[in-house]
Number of protein chains: 2
Amino acid sequence: MLSTDQIIGVMSARGLRITDQRKSLAKLFAERNGYLTPKDVYEYMGKQYSGLSFDTVYRNLRVMDELGVLEQVMFEDGLKFRASCNEDQHHHHMICLQCERTYPIHFCPMPLTDAPDQFQVVKHKFEVFGYCKDCRPVSQEASQSPSQQDGLS
Amino acid sequence: MLSTDQIIGVMSARGLRITDQRKSLAKLFAERNGYLTPKDVYEYMGKQYSGLSFDTVYRNLRVMDELGVLEQVMFEDGLKFRASCNEDQHHHHMICLQCERTYPIHFCPMPLTDAPDQFQVVKHKFEVFGYCKDCRPVSQEASQSPSQQDGLS
DNA sequence: ATTGTTGCAAAGGCTTTGCAACAAG
DNA sequence: CTTGTTGCAAAGCCTTTGCAACAAT
């Protein structure tokens, strides 16, 4: 995953000005390795910038997506963003339903999949959802619901 | 895929009233075997019902999704609906980028996928996008419009 | 006759846009 | 200094809700 400095570096190299808001965004996405909604981002950044506005968040998310430092994905419950993977290798993701962190899967089912009816394949999506080791509900230990042992959410 | 009568049948059996609007919806989804946006549905139905309102479309889409006769899926460009598959067998879909019809894939990559880090798998999504045999961008045959020869990921 | 459905209008979210003031380079 | 960025306010979509009239059963 891209680091704060890598994100800042790319933005700077492309001629974008490095404002405090953008530094904060870069840091947020670099530290989190999971998905965030624009609202999550706004709330996180709002802690540091009293007068933050939503449109600044949206504008920067879009710019960063276009630059390729963020990836934008649509989930059942709306649009989310995460730092780009920075992996050269083709891969998919396991996504934790609790903390929304992601873990790479290097197995790709596509080569094993037969397309029916002369279907011409262009792209594919393979996503696995569940709970990562830090967020697993119950198990052998004596806790009940998915414990949120995790910072910002 | 569910037929018009099956859809109507389920709705009737559950005590819902069969209005002309609902007949029209059932017919639309049964004839199309692909995804439709609420707007698509509104426009299609609007041809037959002058005073149709958007909220009727939304209300019925939601009711039909809850009944299980429609399936609701979030794509990059928004929410879409299709008739339920009526297949007992677990399967995935190939989705045509042109006509948005879907074709079942009975191969499931999940059994072949190793979860890293004690990840506890809950659900998964495997979708293949491309062009079906009727929508393939020009090739050896003299087909019609679709001239988007793209090569995405 | 009952009561679920509809259409209308209005409200709610989320996201985008226009613009003047501000600040990075 | 110059010009990209920000915050504010307002507008635009898409979706939902309240309500009285309507219609399926």
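Residue numbering restarts at 1 for every chain, and letters A, B, ... go by the order of the sequence lines. What you see is a predicted model; the values in this text were computed from it and never measured.
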Query - A:Asp65 side-chain N/O to A:Leu61 backbone N/O, donor-acceptor pair under 3.5 Å - result: no

**Report entry** Integer-rounded Å distance: D:dT17 P and B:Phe54 CZ
**Finding:** 16 Å

Query raised in the report: Counting distance only, does the side-chain N/O of A:Tyr49 pair as donor-acceptor with the main-chain N or O of A:Asp20 below 3.5 Å?
Result: yes

Query raised in the report: Does B:Glu100 pair with B:Lys80 as a salt bridge, N-O distance under 4.0 Å?
Result: yes

Report summary line: Here the distance between atom P of C:dT16 and atom OH of A:Tyr42, to the nearest Å, is 16 Å

Report summary line: Whole-Å distance, A:Gln21 CD to D:dG7 C1', equals 10 Å

Report summary line: Separation of D:dC8 atom P from A:Asp55 atom CG, nearest Å, is 9 Å

Query raised in the report: Which parts of nucleotides 20-25 of chain D does protein reach within less than 4.0 Å, heavy atoms only, written one letter per nucleotide 5' to 3' as B for base, S for sugar-phosphate only and - for none?
Result: ---BBS

Query raised in the report: Taking atom C1' of D:dC14 as reference, at what distance in whole Å does atom CG of B:Leu61 sit?
Result: 13 Å

**Report entry** Note: B:Lys125-A:Glu76 ion pair, threshold 4.0 Å (strictly below)
**Finding:** yes

Query - Any B:Ser53 side-chain N or O less than 4.0 Å from OP1/OP2 of C:dG7 - result: yes

Requested in this report: Nearest 0.5 Å please: distance from the CZ atom of A:Phe75 over to the CE atom of B:Met74.
Outcome: 11.0 Å

Query raised in the report: Between the base of C:dG4 and the side chain of B:Arg59, is there any donor-acceptor pair under 3.5 Å?
Result: no

Report task. Using modelled atom types only, decide if a donor and an acceptor are shared between the side chain of B:Arg22 and the backbone of B:Asn60 within a distance under 3.5 Å. Result -> no

Query raised in the report: So which nucleotide from C:dT6, C:dT17, C:dA9 ends up closest to the side chain of B:Asn60?
Result: C:dT6

Query - Phosphate OP1/OP2 of C:dT17 contacted by A:Arg62 side-chain N/O (<4.0 Å) - result: yes

